[in-house]
Amino acid sequence: MSASILSAPHFHNEEAAYEFVEKRIWPNGPVCVHCGCYERIGKMGGKSTRIGTYKCYDCRKPFTVKVGTIFEGSHIPLRLWLQGIFLIASSKKGISSNQLHRTLGITLKSAWFMSHRVREAMRSGDFTPFGSGGGIVEVDETFIGHDKSIKPKGVKKGRGFHHKNKVLALVDRATGQARSMVVDDVKAATLAPLIRENVAREARLMTDDASYYTKLGREFASHGYTKHMQGEYVSKIDRQIHTNTIEGFFSVFKRGMKGVYQHCGHHHLNRYLAEFDFRYNNRIALGCDDTERADRLLKGVVGRRLTYQTTSPRGAVAQA
Ligand SMILES: [Zn+2]
């Protein structure tokens with residue numbers, strides 16, 4: 001029997017936790033966060049010094065690896081952050097703040113704060129268009145939860161999708177990467193610029209037969225679509241024409257949002273999408289296991305600092 005992943009020292013020992021993070025953020029040794037110097041840096045010792053404190057002898061200022069990351073200003077021990085990151089990275093449908101609160105033994109407020117910061121670290125900075133080199137790109141949209149900022153129209157309250165949050169997603173079939181975003185509506189005028197920005201002209205576009213894709217489809221190398229309204233999910237003419245890869249992505253996202261997060265406010269939805277995109281794009285089918293996924297997540301903690309205000313909205317606890 002192999003040892004439990006959770007028994008690794010960096011999950012239990014604060015010094016080991018710092019060393020673990022330092023090795024990933026400073027692969028070539030400590031760098032002064034104040035002046036960028038890396039030559040004249042010393043590790044501070046002594047009983048009164050906080051763990052992981054370095055001093056730069058160029059600018060004479062102290063710093064730790066937490067400065068400029070999502071960990072900055074947090075009182076949660078680094079080893080618990082690493083536990084949280086591992087749990088979030090390895091839970092396919094996500095993990096609620098309530099669960100993190102109980103499992104890590106931190107307050108619900110801290111757990112909420114932690115999970116939103118970790119989501120921020122999962123945000124991809126990659127805007128490379130999908131389908132570069134003529135690959136297939138699936139595009140589809142889905143409706144989820146309730147956008148409370150939209151007032152119901154007339155007597156049709158609760159029916160249709162008008163009042164729901166709308167999500168647009170793209171999958172590059174060659175690389176297996178997904179990119180999703182919240183959209184205000186599913187009109188051609190809204191979707192077209194987003195698709196143009198995220199899909200290469202030489203790509204082969206795959207959608208359903210929704211009218212808003214018809215005109216836009218002509219801007220790409222080819223446009224295949226299935227007749228969803230007639231119950232066709234894979235084209236009878238060409239088996240490559242379908243959006244089933246994206247349906248798979250939406251299915252995990254929806255099960256997570258319903259079962260784990262019990263929906264969330266419109267203003268937070270993009271953060272949850274970043275979380276589901278991240279796990280999907282770093283999944284085992286692409287050779288990325290739980291440990292590697294947590295490692296990649298950790299590389300995203302730099303430069304993603306949020307203030308407390310942006311992560312604790314009204315009713316935060318109820319939504320957690
Ligand atoms: Zn310095």
Side-chain angles (χ1 to χ4, degrees), residues 5 8-89 100 104-107 109-128 270-271 274-275 277-278 281-282 288 291-313:
I5 289 172
H10 61 267
F11 288 133
H12 305 282
N13 175 288
E14 197 62 2
E15 272 178 66
Y18 270 87
E19 278 167 27
F20 187 86
V21 174
E22 286 168 7
K23 218 184 265 176
R24 280 149 183 86
I25 293 181
W26 296 328
N28 304 311
V31 182
C32 172
V33 292
H34 307 292
C35 73
C37 161
Y38 52 87
E39 281 146 335
R40 300 176 62 223
I41 287 168
K43 188 160 186 176
M44 310 276 281
K47 282 209 172 70
S48 58
T49 313
R50 277 198 287 173
I51 293 170
T53 306
Y54 290 82
K55 186 170 177 174
C56 170
Y57 293 101
D58 253 20
C59 71
R60 313 210 62 80
K61 286 180 191 154
F63 61 92
T64 74
V65 74
K66 285 163 84 172
V67 180
T69 72
I70 62 165
F71 310 128
E72 186 175 357
S74 160
H75 297 295
I76 306 165
L78 203 52
R79 61 187 187 277
L80 295 185
W81 272 103
L82 294 179
Q83 289 186 16
I85 284 176
F86 185 81
L87 290 170
I88 295 168
L100 285 175
L104 304 183
I106 56 179
T107 64
K109 199 173 160 187
S110 292
W112 168 264
F113 177 65
M114 175 189 274
S115 54
H116 269 299
R117 281 193 170 191
V118 170
R119 257 171 227 126
E120 202 53 33
M122 290 194 276
R123 206 153 44 82
S124 160
D126 186 9
F127 300 108
T128 320
N270 265 322
R271 288 213 182 112
E275 174 182 344
D277 280 5
F278 175 84
N281 293 342
N282 298 282
C288 182
T291 300
E292 172 65 19
R293 197 175 313 113
D295 247 34
R296 290 185 191 175
L297 206 173
L298 195 50
K299 290 192 185 99
V301 302
V302 182
R304 300 285 175 81
R305 195 170 173 258
L306 292 170
T307 64
Y308 200 76
Q309 281 70 28
T310 55
T311 53
S312 54

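Because the structure is a prediction, the values reported are computed rather than measured. Along the sequence shown, the residues carry numbers beginning at 1. Just follow the structure's listing: the first ligand is 1, and inside any ligand the first atom is 1.
Taking the side chain as every heavy atom from C-beta outward, Arg79 and Phe11 never approach each other to under 4.5 Å.
By the 4.0 Å N-to-carboxylate-O rule, Glu72 lies too far from Lys66 to be salt-bridged with it.
A donor and an acceptor atom, one from each side chain of Asp126 and Ser124, are nowhere located under 3.5 Å apart. Between Arg293 and Asn282, the side chains place no donor N or O within less than 3.5 Å of an acceptor N or O (distance only, hydrogens not considered).
A parallel orientation is assigned to the rings of Phe20 and His10, their planes being inclined by less than 30° (bins at 30° and 60°).
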Evaluation steps, salt bridge (charged side-chain N to carboxylate O under 4.0 Å, His left out), between Arg296 and Glu292 = CA-CA 6 Å; Arg296 290 185 191 175; Glu292 172 65 19; 2.8 Å; yes
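The set of protein atoms (N, O or S) found at less than 2.8 Å from the Zn ion (ligand 1) reads Cys32 SG, Cys35 SG, Cys56 SG, Cys59 SG, by chain and number.
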